[in-house]
Amino acid sequence: MMNPDRKRILIVDDDEKLAALLQESLRALDEDYDVATAGGTDEALAKVSKRSFDLVITDLMMPEVDGLQLLEALKAINHSIITVAM
């Protein structure tokens with residue numbers, strides 16, 4: 001059974017190696033972090049529409065849609081989601 005107190009974090013970055021590094025770093029900080037990754041905007045929006053996240057960390061410079069546009073779309077889906085652009 002999944003721990004309801006686990007913090008759900010989504011990392012959005014088109015650089016798979018950087019996303020994996022951030023994912024492992026966050027997991028190492030706290031075993032209660034449930035960290036997922038998305039390789040771009042479409043994948044991120046699909047994941048957020050299927051489940052809630054407490055925090056989304058996104059790259060600003062991505063090929064399809066920039067991170068600021070993604071943050072606006074995420075806020076439209078869930079206005080209470082915390083977002084960080086890097």
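Because the structure is a prediction, the values reported are computed rather than measured.
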Discussion item. When you group the ILVMFWY residues by side-chain heavy-atom contacts below 4.5 Å and let the links chain together, are Val84 and Leu68 in the same group?
Written reply: no
Practice prompt. Apply the side-chain contact (heavy atoms from CB on, under 4.5 Å) test between Asp59 and each candidate in Leu22, Leu18, Asp13, Val12; give the one that qualifies.
Written response: Asp13
Practice prompt. State, to 0.1 Å, how close Glu31 and Arg6 come at their nearest heavy-atom pair, and which atoms those are.
Written response: O-NH2, 3.4 Å
Practice prompt. To the nearest 0.5 angstrom, please state how far the OG1 atom of Thr37 sits from the CG atom of Leu26.
Written response: 11.5 Å
Worksheet item: Does Met61 CE have over 12 foreign heavy atoms under 6.0 Å away?
Response: no
Worksheet item: Should Leu10 and Ile57 count as side-chain neighbours, where that means a heavy-atom distance under 4.5 Å?
Response: no
Discussion item. Does this structure show an ion pair linking Lys47 with Glu43, if we count only N-O contacts that are shorter than 4.0 Å?
Written reply: yes
Fill in: Student check: side-chain heavy atoms of Val48 and Phe53 closer than 4.5 Å
yes
Item to complete: Evaluate the side-chain proximity of Leu21 to Ser25: yes if any heavy-atom separation is below 4.5 Å, no if none is.
Response: yes
Fill in: Atom of Arg27, atom of Val35 and distance for their closest heavy-atom approach
NH2-O, 3.0 Å
Worksheet entry | Asp54 vs Ile82 side-chain heavy atoms within contact, under 4.5 Å | no
Worksheet item: Of the non-hydrogen atoms in Ala85 and Leu60, which two are nearest, and what is the gap between them?
Response: CB-CD2, 3.6 Å
Worksheet entry | Under 3.5 Å: donor-acceptor pair, side chain of Arg8, backbone of Leu55 | no
Discussion item. Would Thr58 and Leu71 count as a side-chain contact (heavy atoms from CB on, under 4.5 Å) here? Give the steps.
Written reply: CA-CA 8 Å; Thr58 185; Leu71 295 180; 3.6 Å; yes
Worksheet item: Should Asp34 and Lys7 count as side-chain neighbours, where that means a heavy-atom distance under 4.5 Å?
Response: no
Response to the item:
In terms of heavy-atom contacts, Asn78 and Ser80 come closest through OD1-OG, 2.7 Å
Fill in: Closest non-hydrogen atom pair, Ile81 against Leu74
CG2-O, 4.2 Å
Practice prompt. Identify the heavy atoms of Ala19 and Ile11 that sit nearest to each other, and give their distance.
Written response: O-CD1, 4.0 Å
